[in-house]
**Student:** 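Submitted below is the structure of interest, expressed as structure tokens.
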Amino acid sequence: MDQLSLYLPGILLAYSAFLLAIASPGPNILAVLGTSMSAGRRSGVALALGVATGSLTWAMLTVLGLSALLATYASALTAIKIAGGLYLLWLAWKSLKSALSRHDIDAKQLAGGPRTPIGYLIRGYVIQMTNPKAALAWIAIISLGLKQDAPVWVGAVIVLGTFVLSVLVHVLYAVAFSTPAMLRLYGKARRSIQLLLSGFFAFAGVRLLLSRS
């Protein structure tokens, strides 16, 4: 119980950062929205599951990589947290710019024509794994919850928890945004969502930069 109370705040903060990050319409979300609208709910769900599986892969690679690095170089945690904190502050600035922009979200159909459900699942996985910003994002998210000398179960809880959230949120997008009306509704709330994201990312970034344990 003592261990749980020690690591739970960081784990919940990592969950919150991940959940709010995928609430912002990046390339993976836009691909899910576009596929659901153009190719149907089933195809959108398949693509969403592929994206979620890619998120799981990134989370596992990040946890294993950071754990191995910290086991060899304990002082590396400070550098990792600085990098993660600066990236979160950059996300805060990016979200603020998006909130102030008049440009609405642009969900387009994937290139290459219709696919089978397996084809969409593979495509979703490739989209997520080839996202050049994914590594930095996961370093920031994992750093929020992974303290120095943290037991193995902390990393496992973060990985499994974010995977469940990823599946739920991406599939929800695929189901809800299979109609243009929902996309218009989301567009109306876009600025408020981006302002919320900006505030949270700024808070999390400063917290990570000030943290040294």
Side-chain angles (χ1 to χ4, degrees), residues 5-33 48 51-52 55 58-59 62-63 66 77-107 128 131-147 150 154-155 157-159 161-173 176-177 182-213:
S5 62
L6 176 63
Y7 296 108
L8 185 59
I11 293 172
L12 293 179
L13 188 60
Y15 286 170
S16 300
F18 176 75
L19 189 58
L20 289 177
I22 60 177
S24 180
N28 52 345
I29 294 295
L30 293 178
V32 171
L33 300 186
V51 171
S55 292
W58 272 116
T62 305
V63 167
L66 290 183
L77 182 62
T78 299
I80 292 169
K81 288 193 172 185
I82 291 174
L86 291 175
Y87 181 72
L88 287 170
L89 292 179
W90 180 79
L91 288 181
W93 168 243
K94 183 180 176 183
S95 296
L96 180 60
K97 285 182 63 178
S98 178
L100 299 176
S101 171
R102 294 180 178 272
H103 181 69
D104 293 327
I105 58 176
D106 186 17
Q128 184 68 359
N131 183 355
K133 299 175 183 176
L136 283 174
W138 276 107
I139 287 174
I141 291 168
I142 298 300
S143 297
L144 287 169
L146 199 64
K147 295 178 178 288
V154 175
V157 167
I158 295 174
V159 169
T162 52
F163 175 61
V164 171
L165 289 174
S166 184
V167 170
L168 291 176
V169 172
H170 284 98
V171 169
L172 178 62
Y173 271 123
F177 290 92
M182 285 300 298
L183 187 61
R184 288 194 296 270
L185 181 63
Y186 186 91
K188 291 180 180 179
R190 178 186 64 83
R191 289 189 175 184
S192 297
I193 292 172
Q194 292 296 336
L195 284 173
L196 175 65
L197 291 174
S198 178
F200 177 83
F201 286 139
F203 164 76
V206 172
R207 185 181 187 279
L208 197 54
L209 287 174
L210 295 179
S211 173
R212 289 296 179 267
S213 60

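The structure displayed is predicted, hence computed values, not measured ones.
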**Student:** Taking all non-hydrogen atoms of both residues into account, name the closest pair between Phe18 and Thr162 and its distance.
**Tutor:**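 Scanning both residues completely, I find the closest heavy atoms to be CE2-O, 3.1 Å.
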**Student:** Can you see which heavy atom on Ile141 is nearest to which on Ala14, and at what distance?
**Tutor:** O-CB, 3.4 Å
**Student:** Can you tell me how far CG of Leu8 sits from CG of Leu13, rounded to the nearest 0.5 angstrom?
**Tutor:** 11.0 Å
**Student:** Specify the closest pair of heavy atoms between Val32 and His170, including all atoms of both residues, with the distance to one decimal.
**Tutor:** CG1-O, 3.8 Å
**Student:** Can you check whether Tyr15 reaches Val157 side chain to side chain, under 4.5 Å on heavy atoms?
**Tutor:** yes
**Student:** Once you round to the nearest 0.5 Å, how far does CG of Leu19 lie from CG of Leu12?
**Tutor:**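 Leu19 atom CG to Leu12 atom CG measures 11.5 Å (nearest 0.5 Å).
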**Student:** Which pair of heavy atoms, one from Val167 and one from Ala52, lies closest together, and at what distance?
**Tutor:** CG2-CB, 3.7 Å
**Student:** Can you tell if the side chain of Trp93 reaches within under 4.5 Å of the side chain of Leu89, non-hydrogen atoms only?
**Tutor:**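 With C-beta onward as the side chain, the pair stays apart.
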**Student:** What are the two closest non-hydrogen atoms of Leu209 and Leu86, and how far apart are they?
**Tutor:**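 Closest approach of Leu209 to Leu86: CD2-N, 4.2 Å.
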**Student:** Of all heavy-atom pairs between Ser55 and Trp138, which one has the smallest distance, and what is that distance?
**Tutor:**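 Heavy atoms of Ser55 and Trp138 come nearest at O-CZ2, 3.5 Å.
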